[in-house]
Chemist: 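Let me give you the structure first, and then I'll get to my questions.
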Amino acid sequence: MTGDMTLFPPPKSEQALLERAQALAGCSMEELATRAGIAIPRDLRRDKGWVGMLLELWLGACAGSKAEPDFADLGVELKTIPIDGQGRPLETTFVCVAPLTGNTGVVWQTSHVRHKLSRVLWMPVEGDRAIPLAQRRIGSPILWSPTPEEEQLLQRDWEELMDFIVLGQIERITARHGEVLQLRPKAANSKALTKAIGEHGQPIMTLPRGFYLKKTFTAPLLARHFLL
DNA sequence: TCCTGATCATTC
DNA sequence: GAATGATCAGGA
């Protein structure tokens, strides 16, 4: 058995996907890794995407495909989210890389952020570092689309952040900007650079950035599920 | 204690 | 370098 084989073909419907995801609830990383023939790292320091890749395998996501949803036929994106004992998120959620050039005329309606978040299967996973990785369990999955209120929050932040980028003010953006959506470095290290627009409209080199959902956005989203 | 800025692996 | 998958870790 090899690590890159798919345990399942892609699900044929949202319902099938959700049922498959629900069947994983309560399972430990040890169970899923062992049954997939995959070694479990001691921790995630050098394997940050390990849990996400493991769940892609079990859910039949198109691993490695790019610029497409994880479940292309269904238009569904898969997101694992580490949670504490109360079901609250332990980390922000990466959405997509921010385009730093060629943004003249871009609007929210056709943005990558909006498309990525239009339909998401959230897979909560115990993430407390006091719990050995092998013993961490999958939580109850949530198939989600933004409510009108949530989309409005996202759009407001996205437009504010994109304005900075287009106007050559990217170096002034910090993770504190945005109520629910923030812009932070997304790179191999602080020496990785990409082209952007400078304060006088000239090309500059800067850190690649990504859009991330703040915990203030994902926490209520997860909590709502437990109230229903 | 928590959040921001930095970082890790892998593929192409 | 860009894109996929994210979490780490020290300073505020």
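These numbers come from a predicted model, not from an experiment. The chains referred to below are lettered A, B, ... by the order of the sequence lines, with proteins before strands, and numbering in each begins at 1.
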Chemist: Please state how far atom CG in A/Leu213 lies from atom P in B/dC3, giving the value in whole angstrom units.
Modeler: 15 Å
Chemist: If you link I, L, V, M, F, W and Y whenever their side-chain heavy atoms are under 4.5 Å apart, who else ends up in the same group as A/Met205?
Modeler: A/Leu193
Chemist: Is A/Glu91 salt-bridged to A/Lys215, going by a charged N under 4.0 Å from an acidic O?
Modeler: no
Chemist: To check you understand the geometry: which heavy-atom pair defines the closest contact between A/Gly178 and A/Lys214, and what is its length?
Modeler: O-NZ, 2.5 Å
Chemist: Among residues 81-94 of chain A, which residues get a heavy atom nearer than 4.0 Å to DNA chain C?
Modeler: A/Pro82, A/Glu91, A/Thr92, A/Phe94
Chemist: Which residues within residues 40-49 of chain A lie with some heavy atom under 4.0 Å of an atom in DNA chain B?
Modeler: A/Arg45, A/Arg46, A/Lys48
Chemist: Want to settle it: does A/Arg136 or A/Trp50 sit nearer the 5' end of DNA chain C, counting the closest nucleotide to each?
Modeler: A/Trp50
Chemist: Check which hydrophobic residues are tied to A/Leu90 through side-chain heavy-atom contacts below 4.5 Å, counting indirect links as well, and list them.
Modeler: none
Chemist: Looking only at side-chain N and O atoms, does A/Trp122 offer a donor or acceptor that is under 3.5 Å from a partner on A/Glu77?
Modeler: no
Chemist: Looking only at heavy atoms, what is the nearest atom pair of A/Leu78 and A/Asp70, with distance?
Modeler: N-OD2, 2.7 Å
Chemist: Any side-chain to backbone donor/acceptor pair from A/Arg114 onto A/Trp108? Under 3.5 Å, distance only.
Modeler: no
Chemist: Between A/Glu199 and A/Arg172, does the salt bridge (charged side-chain N to carboxylate O under 4.0 Å, His left out) criterion hold? Intermediate values first, please.
Modeler: CA-CA 10 Å; A/Glu199 58 180 335; A/Arg172 295 182 56 175; over 6 Å; no
Chemist: Going 5' to 3' along DNA chain C, which are the first and last nucleotides with any atom under 4.0 Å from a heavy atom of chain A?
Modeler: C/dG1 to C/dA9
Chemist: Between B/dC3 atom C1' and A/Lys215 atom NZ, what is the distance in whole Å?
Modeler: 7 Å
Chemist: Quick one: on DNA chain C, does A/Pro185 or A/Val97 contact a more 5' nucleotide (nearest heavy atom)?
Modeler: A/Val97
Chemist: A/Leu222 and A/Ile83: which non-hydrogen atoms are nearest, and at how many Å?
Modeler: CD1-CG2, 3.9 Å
Chemist: Can I get a per-line list of side-chain donor-acceptor pairs under 3.5 Å for residues 182-190 of chain A, giving both atom names and the distance, sequence neighbours left out?
Modeler:
from: A/Gln182; atom 1: OE1; to: A/Arg184; atom 2: NH1; distance (Å): 2.5
from: A/Gln182; atom 1: NE2; to: A/Ala175; atom 2: O; distance (Å): 2.9
from: A/Arg184; atom 1: NH1; to: A/Thr92; atom 2: OG1; distance (Å): 3.0
from: A/Asn189; atom 1: OD1; to: A/Lys191; atom 2: N; distance (Å): 2.8
from: A/Asn189; atom 1: OD1; to: A/Ala192; atom 2: N; distance (Å): 3.3

Chemist: What heavy-atom pair brings A/Pro11 and A/Gly60 nearest, and what distance separates the two atoms?
Modeler: CD-O, 4.0 Å
Chemist: Give me the residues of residues 154-184 of chain A where at least one heavy atom lies under 4.0 Å from an atom of DNA chain C, by number, or none.
Modeler: A/Arg184
Chemist: Hey, can you pull the residues of residues 68-80 of chain A with a non-hydrogen atom under 4.0 angstrom from DNA chain C?
Modeler: A/Asp70, A/Glu77, A/Lys79, A/Thr80
Chemist: For residues 129-141 of chain A, run the donor-acceptor check on the side chains, cut-off 3.5 Å, and write out each pair with its distance to 0.1 Å, sequence neighbours left out.
Modeler:
from: A/Arg136; atom 1: NE; to: A/Ile131; atom 2: O; distance (Å): 2.9
from: A/Arg136; atom 1: NH2; to: A/Ile131; atom 2: O; distance (Å): 3.2
from: A/Arg137; atom 1: NE; to: A/Glu126; atom 2: OE1; distance (Å): 3.3
from: A/Arg137; atom 1: NE; to: A/Glu126; atom 2: OE2; distance (Å): 3.4
from: A/Arg137; atom 1: NH2; to: A/Glu126; atom 2: OE2; distance (Å): 2.8
from: A/Ser140; atom 1: OG; to: A/His225; atom 2: NE2; distance (Å): 3.3

Chemist: Can you label the angle between the A/Phe8 ring and the A/Trp58 ring as parallel, tilted or perpendicular, going by 30° and 60°?
Modeler: tilted
Chemist: Check whether any side-chain N or O of A/Gln202 sits under 3.5 Å from a backbone N or O of A/His200 as a donor-acceptor pair, and report yes or no.
Modeler: yes
Chemist: Can we say A/Arg156 and A/Glu179 salt-bridge, meaning some charged N sits less than 4.0 Å from an Asp/Glu carboxylate O?
Modeler: yes
Chemist: Just distance, no hydrogens or angles: give the donor-acceptor pairs under 3.5 Å from side chains in residues 47-55 of chain A, sequence neighbours left out.
Modeler:
from: A/Trp50; atom 1: NE1; to: A/Ala39; atom 2: O; distance (Å): 3.4

Chemist: Short of 4.0 Å, heavy atom to strand atom, which residues of residues 186-203 of chain A count as contacting DNA chain B?
Modeler: A/Lys186, A/Ala187, A/Ala188, A/Asn189, A/Ser190
Chemist: Below 3.5 Å, can you tabulate the donor-acceptor pairs from side chains in residues 159-167 of chain A to any protein atom, sequence neighbours excluded?
Modeler:
from: A/Glu159; atom 1: OE2; to: A/Gln155; atom 2: NE2; distance (Å): 2.9

Chemist: Would A/Thr206 and A/Glu171 count as having a side-chain donor-acceptor pair, cut-off 3.5 Å?
Modeler: yes
